[in-house]
Protein chains: 2
Amino acid sequence: MKSEILKYLSKYTVITKELENAISESTFIKTFKKGSVLLKEGGISNECYFIIKGCVRSYFLKDGEEKTIEFYTEEQSVVPANYETLKPSEHYLECLEDTIASVGNPKLEKETFQKYPQLESLSRIIAETIILKQQVSFTEFKTSTPEERYLSMLKNRPALHQRVPQHQIASYLGIKPESLSRIRKRIINKK
Amino acid sequence: MKSEILKYLSKYTVITKELENAISESTFIKTFKKGSVLLKEGGISNECYFIIKGCVRSYFLKDGEEKTIEFYTEEQSVVPANYETLKPSEHYLECLEDTIASVGNPKLEKETFQKYPQLESLSRIIAETIILKQQVSFTEFKTSTPEERYLSMLKNRPALHQRVPQHQIASYLGIKPESLSRIRKRIINKK
DNA sequence: CAGTTCCATTGACTTTGGTTAAGTAATCAC
DNA sequence: GTGATTACTTAACCAAAGTCAATGGAACTG
């Protein structure tokens with residue numbers, strides 16, 4: 001279970017004995033059944049997650065509709081928007097599949113970073129990488145039509161399509177389910 | 001000049017003597033004339049910027065059009081997407097106004113973080129904060145109409161509207177200049 | 001200061017997504 | 001397994017953004 005985390009970290013740095021110890025000491029694995037709700041609107045969040053296996057969706061309600069923010073799958077980190085703030089959440093987090101995750105909390109994080117500064121340094125680098133990746137996603141979204149967004153999703157995260165209901169994908173793409181249905185039809189006819 | 005940086009950092013932590021020293025030692029101020037190009041397509045980037053005064057726009061070319069990624073103003077950090085990668089840039093960075101910025105580079109960063117671990121810890125926290133803010137922006141964008149996006153921009157960054165030409169704002173909002181023109185007309189008529 | 005270029009606006013027309021409603025297919029619960 | 005709920009598709013209609021073209025004005029240049 002913990003080796004998945006080391007595998008992920010090895011993309012960013014050389015795994016030293018110290019890092020291995022840091023992960024081994026500071027990592028708690030939890031498993032969640034499909035349908036589990038990790039956080040609901042109004043809830044206080046005290047946990048963040050690194051997904052080892054499974055799929056978590058974050059969403060919120062706007063105009064009575066669920067708006068999907070993100071689908072988190074293997075090797076992705078889920079940090080609730082209100083993590084560490086002690087403020088009530090505006091978002092939901094739910095498991096779309098049985099999910100295995102490493103769970104962190106602010107206290108544990110703090111202790112671990114104090115004991116293993118190398119891990120905090122690595123966290124900074126990873127965070128900065130995530131910022132750049134997010135910016136790329138955002139920019140692609142802004143400069144694409146819904147049809148292009150859908151095609152790009154099929155290309156970059158092909159598995160999602162099998163794992164997630166279509167109307168949730170629609171809201172993830174910022175369109176209505178009916179439109180996604182039409183887009184799919186359009187694409188088929190083009191071929 | 002450097003006090004602006006401390007002012008910014010004070011939003012995240014208590015400014016210790018150590019931090020003050022770290023900033024004082026590691027900060028180099030540069031000024032740029034309006035129209036200066038900090039990075040062009042194909043260029044290698046070796047610098048990042050913290051804007052003390054002025055405005056920088058990042059954009060790229062797609063289908064022969066400039067697509068504005070971001071307008072950076074006071075207290076914002078500009079990290080080129082290819083920073084530290086040594087790969088040619090797909091983006092441009094240009095100063096829309098005379099600009100004063102603190103300039104960093106990978107070597108300086110590394111040395112400073114080594115000497116002042118506290119600063120790296122702070123950087124991690126700020127990076128994580130930026131991730132969450134980005135996610136909020138992205139989500140707002142996805143769940144809004146172009147008109148709502150424009151109104152929200154007027155509300156959240158009212159000064160931009162005076163500082164930046166309208167067709168660049170249009171591309172920043174992901175729409176055509178003609179559409180922004182019509183949206184503005186619509187808004188006026190509603191009042 | 002004249003000429004050019006760039007920018008914002010407007011109009012006619014096209015394309016595409018939103019809305020509403022209905023019908024069919026798939027899934028869930030008992 | 002059957003009924004109920006939920007998910008997906010289709011169609012007709014509407015609203016808004018894209019496209020193309022033209023115009024007037026502002027800003028830049030020699």
Side-chain angles (χ1 to χ4, degrees), chain A residues 33-37 55 57 59 61-68 71 92 94-98 140-154 160-191, chain B residues 33-37 55 57 59 61-68 71 92 94-98 140-154 160-191:
Chain A
K33 280 261 162 254
K34 173 173 176 174
S36 301
V37 175
C55 181
R57 176 174 77 115
Y59 68 93
L61 297 178
K62 183 175 175 180
D63 309 326
E65 281 179 353
E66 292 185 4
K67 307 285 182 174
T68 298
F71 299 106
Y92 293 80
E94 67 166 9
C95 297
L96 300 185
E97 305 172 351
D98 291 351
E140 275 185 8
F141 189 95
K142 276 213 298 206
T143 60
S144 304
T145 62
E147 181 171 335
E148 288 167 337
R149 282 176 218 155
Y150 178 64
L151 289 170
S152 143
M153 199 211 70
L154 288 184
L160 261 196
H161 181 251
Q162 337 296 338
R163 296 170 80 170
V164 167
Q166 195 170 304
H167 68 281
Q168 292 180 2
I169 289 180
S171 87
Y172 178 58
L173 297 174
I175 57 177
K176 301 288 164 188
E178 296 92 332
S179 296
L180 180 53
S181 200
R182 267 184 310 212
I183 287 170
R184 285 160 51 82
K185 196 177 173 186
R186 213 158 59 208
I187 292 170
I188 293 168
N189 288 337
K190 278 184 188 170
K191 286 184 186 168
Chain B
K33 281 260 162 257
K34 174 175 177 173
S36 303
V37 175
C55 182
R57 177 174 77 116
Y59 68 93
L61 297 177
K62 183 175 174 180
D63 308 327
E65 281 179 354
E66 291 186 3
K67 307 284 182 176
T68 299
F71 300 108
Y92 293 81
E94 68 167 7
C95 297
L96 300 186
E97 305 172 351
D98 291 350
E140 276 185 8
F141 188 95
K142 276 212 299 204
T143 60
S144 304
T145 63
E147 181 172 334
E148 289 167 337
R149 279 175 220 156
Y150 178 63
L151 290 170
S152 143
M153 199 211 70
L154 288 183
L160 262 196
H161 180 250
Q162 337 295 340
R163 298 170 79 170
V164 167
Q166 195 170 306
H167 68 282
Q168 291 181 3
I169 289 181
S171 87
Y172 177 59
L173 297 175
I175 57 177
K176 302 287 164 191
E178 297 93 327
S179 295
L180 180 53
S181 196
R182 271 180 307 208
I183 287 170
R184 285 161 50 81
K185 195 178 175 188
R186 213 159 58 208
I187 291 170
I188 293 167
N189 288 338
K190 277 184 189 173
K191 288 184 185 169

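Just so it is clear, the values below take in all heavy atoms, side chains as well, and ignore hydrogens, waters and symmetry mates.
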To the nearest 0.5 Å, what is the distance between [atom1] ([X]) and [atom2] ([Y])?
X        : Y        : atom1 : atom2 : result
A:Leu180 : A:Gln166 : CG    : CD    : 4.5 Å
B:Ile183 : B:Ile175 : CD1   : CD1   : 4.0 Å
B:Leu160 : B:Ile169 : CG    : CD1   : 6.0 Å
B:Ser179 : B:Arg184 : OG    : CZ    : 13.5 Å
B:Tyr172 : B:Met153 : OH    : CE    : 8.0 Å

Between the two ends of the helix from C:dC1-D:dG30 to C:dC30-D:dG1, what is the bend in degrees, rounded to 10 degrees, where each end axis spans five pairs?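 Inter-axis angle at the termini of the helix from C:dC1-D:dG30 to C:dC30-D:dG1: 60°.
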[atom1] of [X] versus [atom2] of [N]: gap in Å, rounded?
X        : N      : atom1 : atom2 : value
B:Glu148 : C:dG17 : CD    : P     : 18 Å
B:Ile187 : C:dT9  : CD1   : P     : 12 Å
B:Lys176 : C:dT10 : NZ    : C1'   : 18 Å
B:Ile175 : C:dG17 : CD1   : P     : 16 Å
B:Leu173 : D:dA17 : CG    : P     : 11 Å

Parallel, tilted or perpendicular: which fits the ring planes of A:Tyr150 and A:His161, with parallel below 30° and perpendicular above 60°?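 Taking A:His161 first and then A:Tyr150, their aromatic rings stand perpendicular (interplane angle over 60°).
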Short side-chain to backbone donor-acceptor contact, [X] and [Y], under 3.5 Å:
X        : Y        : result
B:Asp98  : B:Lys33  : no
B:Thr68  : B:Ser171 : no
B:Glu148 : B:Thr145 : yes

Applying the side-chain hydrogen bond (donor to acceptor under 3.5 Å, both in side chains) criterion to B:Glu97, which one of B:Arg163, B:Arg57, B:Lys34 satisfies it?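 Per the side-chain hydrogen bond (donor to acceptor under 3.5 Å, both in side chains) rule, the option paired with B:Glu97 is B:Arg163, out of B:Arg163, B:Arg57, B:Lys34.
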Could you run through nucleotides 24-30 of chain D and give me one letter per nucleotide, 5' to 3': B if any protein heavy atom sits under 4.0 Å from the base, S if only the sugar-phosphate is that close, - if neither? -------
Protein-to-nucleotide contact annotation, 5' to 3' order, nucleotides 6-16 of chain D [B base; S sugar-phosphate only; - none; under 4.0 Å, heavy atom]: -SSBBSB---S
Would you say the side-chain atoms of B:Lys62 and A:Thr143 include a donor-acceptor pair closer than 3.5 Å?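 On atom types as modelled, these side chains qualify, holding a pair under 3.5 Å.
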